[in-house]
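Keep in mind the model is a prediction, meaning the values are calculated, not measured.
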Amino acid sequence: MEKWIIHFMEQYGYFGIAWLIFLENVFPPIPSEIILTFGGFMTTKTDLTFVGVVITSTIGSVIGAIALYGIGTWIGENKLYNLVQKYGKFLRVTTEDLTKTFKWFERYGYWTIFFCRFIPLIRSLISIPAGITRMNIWIFIIFTTIGTLLWNIVLIYLGQTVGGNWHVIVNYMDIYSKIIYVLLLLLVIYILFKWLKRIRQK
């Protein structure tokens with residue numbers, strides 16, 4: 001996949017970067033670290049500029065986030081409530097639990113959108129609950145854009161700075177991603193433990 005990404009970027013320039021970043025948002029397994037760091041490296045060897053790569057990658061990312069927001073809007077709260085009413089008893093999830101979750105997201109959702117832009121995998125998926133709760137679309141776009149812009153600037157700058165050694169940055173980001181995945185796995189295990197404990201108590 002890495003060779004294909006590099007070839008695509010070399011062939012299509014700004015458009016290729018924007019398109020790949022868009023795909024990375026709607027299909028998280030595509031690594032943005034490779035796209036952004038190699039994009040930074042390309043600014044030292046091609047006519048691409050730092051500002052141009054930052055702008056196009058951010059546009060691609062925001063469009064991808066809006067697409068996932070649209071999916072969340074299509075799902076909607078009503079469908080989730082209907083699913084919980086039908087199948088929630090099997091998972092020990094009630095409509096009251098869902099209401100509490102929505103209220104929490106309505107209270108802290110904007111900052112959640114911002115900080116989750118720095119977390120692999122989650123930075124894409126977080127757009128779906130934003131759509132489900134019908135977060136103000138313009139505020140969603142603003143917080144998404146700011147968080148995405150910072151993330152892109154850092155990786156593109158690092159790719160530009162290290163030049164031909166951009167793979168070093170990718171390796172470090174791969175370690176960062178693995179740490180995040182382990183922490184997420186531990187969080188899931190903790191939630192399952194609490195859930196099983198709750199079932200036993202009932």
Side-chain angles (χ1 to χ4, degrees), residues 1-76 109-160 166-167 169-170 172-174 176-177 180-181 184:
M1 180 179 287
E2 181 179 320
K3 291 182 179 179
W4 176 80
I5 290 174
I6 294 172
H7 175 72
F8 193 85
M9 291 172 65
E10 289 176 333
Q11 187 171 0
Y12 295 103
Y14 290 128
F15 172 78
I17 292 170
W19 177 247
L20 288 172
I21 288 293
F22 167 79
L23 291 179
E24 183 267 336
N25 270 265
V26 298
F27 189 65
I30 295 178
S32 65
E33 293 82 4
I34 293 177
I35 302 169
L36 296 173
T37 52
F38 185 71
F41 167 63
M42 287 178 68
T43 64
T44 66
K45 296 293 183 180
T46 67
D47 294 333
L48 299 183
T49 66
F50 177 83
V51 174
V53 174
V54 168
I55 291 175
T56 51
S57 62
T58 302
I59 290 174
S61 184
V62 172
I63 293 175
I66 292 174
L68 292 178
Y69 177 95
I71 292 174
T73 302
W74 175 76
I75 295 172
Y110 301 128
W111 290 110
T112 303
I113 292 295
F114 173 77
F115 286 111
C116 282
R117 299 308 300 180
F118 305 101
I119 303 176
L121 185 64
I122 302 299
R123 63 170 168 261
S124 297
L125 300 180
I126 193 61
S127 300
I128 296 177
I132 291 175
T133 57
R134 295 186 181 275
M135 176 186 291
N136 183 290
I137 182 64
W138 295 111
I139 297 179
F140 167 78
I141 291 174
I142 289 172
F143 276 78
T144 296
T145 301
I146 295 173
T148 299
L149 188 63
L150 293 174
W151 174 262
N152 291 354
I153 287 175
V154 169
L155 287 184
I156 294 169
Y157 173 76
L158 290 174
Q160 185 184 59
W166 62 274
H167 270 101
I169 305 300
V170 173
Y172 280 117
M173 292 307 302
D174 184 54
Y176 168 70
S177 297
I180 294 297
Y181 293 150
L184 289 174

Parallel, tilted or perpendicular: ring planes of F41 versus F38, cut at 30 and 60 degrees:
tilted
Greater than 12 external heavy atoms within 6.0 Å of F50's CZ
yes
Given the options L155, I153, I59, V54 meets side-chain contact (heavy atoms from CB on, under 4.5 Å) only with I153
Under the side chain to side chain contact (heavy atoms under 4.5 Å, CB included) test, which residues partner W74, sequence neighbours left out?
K79
Rounding to 0.5 Å, atoms CZ (F114) and OG1 (T148) come to a distance of 9.5 Å
Can you tell me how far OG1 of T112 sits from CZ of F143, rounded to the nearest 0.5 angstrom?
10.0 Å
Distance from I17 atom CD1 to I35 atom CD1, nearest 0.5 Å?
9.0 Å
On a heavy-atom basis, which atom in V26 and which in A67 lie closest, and how many Å separate them?
CG1-CB, 4.3 Å
Mind running side-chain contact (heavy atoms from CB on, under 4.5 Å) on F118 and L150 for me, showing each step along the way?
CA-CA 9 Å; F118 305 101; L150 293 174; 4.0 Å; yes
Does any pair with a residue in residues 52-73 pass side chain to side chain donor-acceptor pair (under 3.5 Å), and if so which ones, sequence neighbours excluded?
N25-S61, S57-N152, T58-N152, S61-R117
Value for CH2 (W151) from CD1 (I156), rounded to nearest 0.5 Å, stands at 11.5 Å
What is the distance from atom OH of Y157 to atom OG1 of T43, rounded to the nearest 0.5 Å?
11.0 Å
If a pair satisfies side chain to side chain donor-acceptor pair (under 3.5 Å) and one of its residues is in residues 125-138, list it, with sequence neighbours excluded.
none
Pair T49, Y14: side-chain N/O donor-acceptor within cut-off below 3.5 Å
yes
side-chain contact (heavy atoms from CB on, under 4.5 Å) for I71 and L68? Distances and angles first, verdict last.
CA-CA 5 Å; I71 292 174; L68 292 178; 3.9 Å; yes
Note: T144 and A65 closest approach over all heavy atoms is CG2-CB, 3.8 Å
Reported CD1-to-CD1 distance for the pair I137 and I142, which is rounded to 0.5 angstrom:
10.5 Å
Residue pair I113 / M135, side-chain heavy-atom distance below 4.5 Å
yes
